[in-house]
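These numbers come from the heavy atoms of this one structure, side chains and all, not from hydrogens, waters or symmetry mates. Only a predicted model underlies this, so the values are computations on that prediction, with no experimental measurement involved.
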Amino acid sequence: MDLKKFSSTKKGQLIICCTILGVVWLFLLLKYAGSFISAVPDQKALDKVAADLRSAQSEYDTVKAEQSELNAVKQQYRQMASESWVAAVDGAVETGLRRRIARVAQKQDFKLSNIGSVRVNRVNHDFSYAEIDIAGNGEMDDVVRLLAEISKITPQLIWRRLDLRPDNRFRRNTGAGSANLAAQANLVPETRLNFNGTLRVFCYTGNLTVKELGITRQAEIETDEVEL
């Protein structure tokens with residue numbers, strides 16, 4: 001076969017190129033086959049990668065759960081703060097708390113026999129609580145209405161202590177089995193009660209603003225003249 005003539009044809013050129021390419025591929029395969037084979041991971045390496053992936057997923061799930069718990073605590077903190085007494089909205093607790101209780105009693109036409117001074121105690125850097133002692137006496141219905149109205153004050157007040165007792169100051173013991181003559185004459189109703197207790201409200205003194213706390217209640221404007 002005339003190699004010169006064969007190589008001048010397209011078919012011959014194609015065969016020659018394919019032959020040269022095959023030789024090159026064979027050379028490269030013989031030279032780098034060991035490196036290529038070593039680069040392919042075996043089952044042990046694949047198992048290790050899978051184990052590392054599971055470990056990373058577990059750590060991610062743990063961090064995600066902790067973040068969710070932290071967000072829940074943060075939300076609870078903000079809610080507690082927004083429901084507490086905030087001076088920027090509710091005024092100074094030392095005067096505002098007494099004034100609100102006195103105003104409620106005045107609107108109910110109920111004369112409190114005692115309304116004490118406000119005591120403030122710190123819980124931590126962001127929270128404190130204020131307490132006030134009150135006392136009074138009256139008809140059971142009037143006392144119940146007063147206590148119901150006090151429960152509507154915002155921020156909400158809670159009773160740390162509340163004692164309710166019958167008002168026996170003017171009643172006479174007329175003997176076993178006999179009726180109370182004064183009560184029969186409607187001079188001293190048997191439904192009259194004495195009460196005294198301690199009200200408490202939590203106060204927020206942290207750095208979050210009213211807007212950040214999402215407080216929607218109106219700011220307290222002390223314009224009413226009430227007897228303290």
Side-chain angles (χ1 to χ4, degrees), residues 66-167 191-228:
E66 291 176 350
Q67 184 64 40
S68 298
E69 183 177 354
L70 181 62
N71 289 338
V73 171
K74 183 178 179 180
Q75 180 63 29
Q76 185 178 12
Y77 169 88
R78 285 178 177 257
Q79 181 177 352
M80 181 177 178
S82 66
E83 293 175 353
S84 299
W85 188 288
V86 179
V89 177
D90 306 304
V93 70
E94 292 83 356
T95 56
L97 181 56
R98 297 184 74 231
R99 184 173 285 107
R100 291 191 191 187
I101 294 172
R103 184 183 296 127
V104 167
Q106 186 181 70
K107 288 181 178 180
Q108 293 297 311
D109 196 22
F110 193 102
K111 180 66 175 179
L112 291 171
S113 60
N114 176 60
I115 178 167
S117 299
V118 176
R119 307 178 299 276
V120 180
N121 297 278
R122 182 162 294 280
V123 177
N124 53 36
H125 180 71
D126 293 338
F127 288 94
S128 60
Y129 64 86
E131 291 185 339
I132 186 172
D133 298 327
I134 66 172
N137 59 80
E139 286 296 310
M140 180 186 298
D141 291 344
D142 295 334
V143 171
V144 170
R145 277 194 293 269
L146 175 68
L147 299 183
E149 289 302 312
I150 288 177
S151 70
K152 297 177 184 178
I153 293 176
T154 55
Q156 186 175 14
L157 311 182
I158 59 175
W159 288 99
R160 188 178 68 81
R161 177 186 61 83
L162 176 61
D163 295 327
L164 290 169
R165 297 180 182 180
D167 188 349
T191 56
R192 193 171 180 84
L193 295 176
N194 286 326
F195 79 90
N196 66 84
T198 302
L199 283 162
R200 172 181 290 182
V201 64
F202 281 95
C203 308
Y204 176 71
T205 56
N207 297 323
L208 294 178
T209 65
V210 173
K211 183 177 180 180
E212 289 171 331
L213 292 174
I215 295 176
T216 57
R217 63 181 180 269
Q218 295 297 316
E220 179 75 5
I221 302 176
E222 301 294 355
T223 57
D224 297 344
E225 293 295 330
V226 293
E227 182 181 352
L228 300 178

May I have the list of side-chain donor-acceptor pairs in residues 142-149 shorter than 3.5 Å, sequence neighbours left out?
residue	atom	partner	partner atom	Å
D142	OD1	R145	NH2	2.5
E149	OE2	K152	NZ	3.1

Checklist outcome for this item: In short, ring pair (Phe, Tyr, Trp, His ring centres under 6.0 Å) pairs touching residues 68-96 with sequence neighbours left out are Y77-F127
Item to check | Residue pair L199 / V201, side-chain heavy-atom distance below 4.5 Å | outcome: no
Checklist outcome for this item: Residues passing the side chain to side chain donor-acceptor pair (under 3.5 Å) test with R78, sequence neighbours excluded, are none
Next on the checklist: Going by the rule side-chain contact (heavy atoms from CB on, under 4.5 Å), which residues pair with T209 if we only count those two or more places apart in sequence or in a different chain?
Outcome noted: K211, E212
Checklist entry - More than 12 foreign heavy atoms under 6.0 Å from CG of D109: is that the case here? => result no
Next on the checklist: When you compare the side chain of T198 with that of R119, does any pair of heavy atoms fall below 4.5 Å?
Outcome noted: yes
Checklist entry - Are L97 and L157 close enough that some pair of their side-chain heavy atoms sits under 4.5 Å apart? => result yes
Checklist entry - Where do Q67 and N71 land on the side chain to side chain donor-acceptor pair (under 3.5 Å) test, with the steps shown first? => result CA-CA 6 Å; Q67 184 64 40; N71 289 338; 3.2 Å; yes
Next on the checklist: Once ring pair (Phe, Tyr, Trp, His ring centres under 6.0 Å) is applied, what residue pairs with a partner in residues 136-159 remain, sequence neighbours excluded?
Outcome noted: none
Checklist outcome for this item: Per side chain to side chain contact (heavy atoms under 4.5 Å, CB included), F195 is matched among L112, N137, D167, D163 by L112
Next on the checklist: Using the side chain to side chain contact (heavy atoms under 4.5 Å, CB included) definition, which of the options N114, I150, N196 pairs with I134?
Outcome noted: I150
Checklist entry - Listed by chain and number, what are the side-chain contact (heavy atoms from CB on, under 4.5 Å) partners of Q156, not counting sequence neighbours? => result none
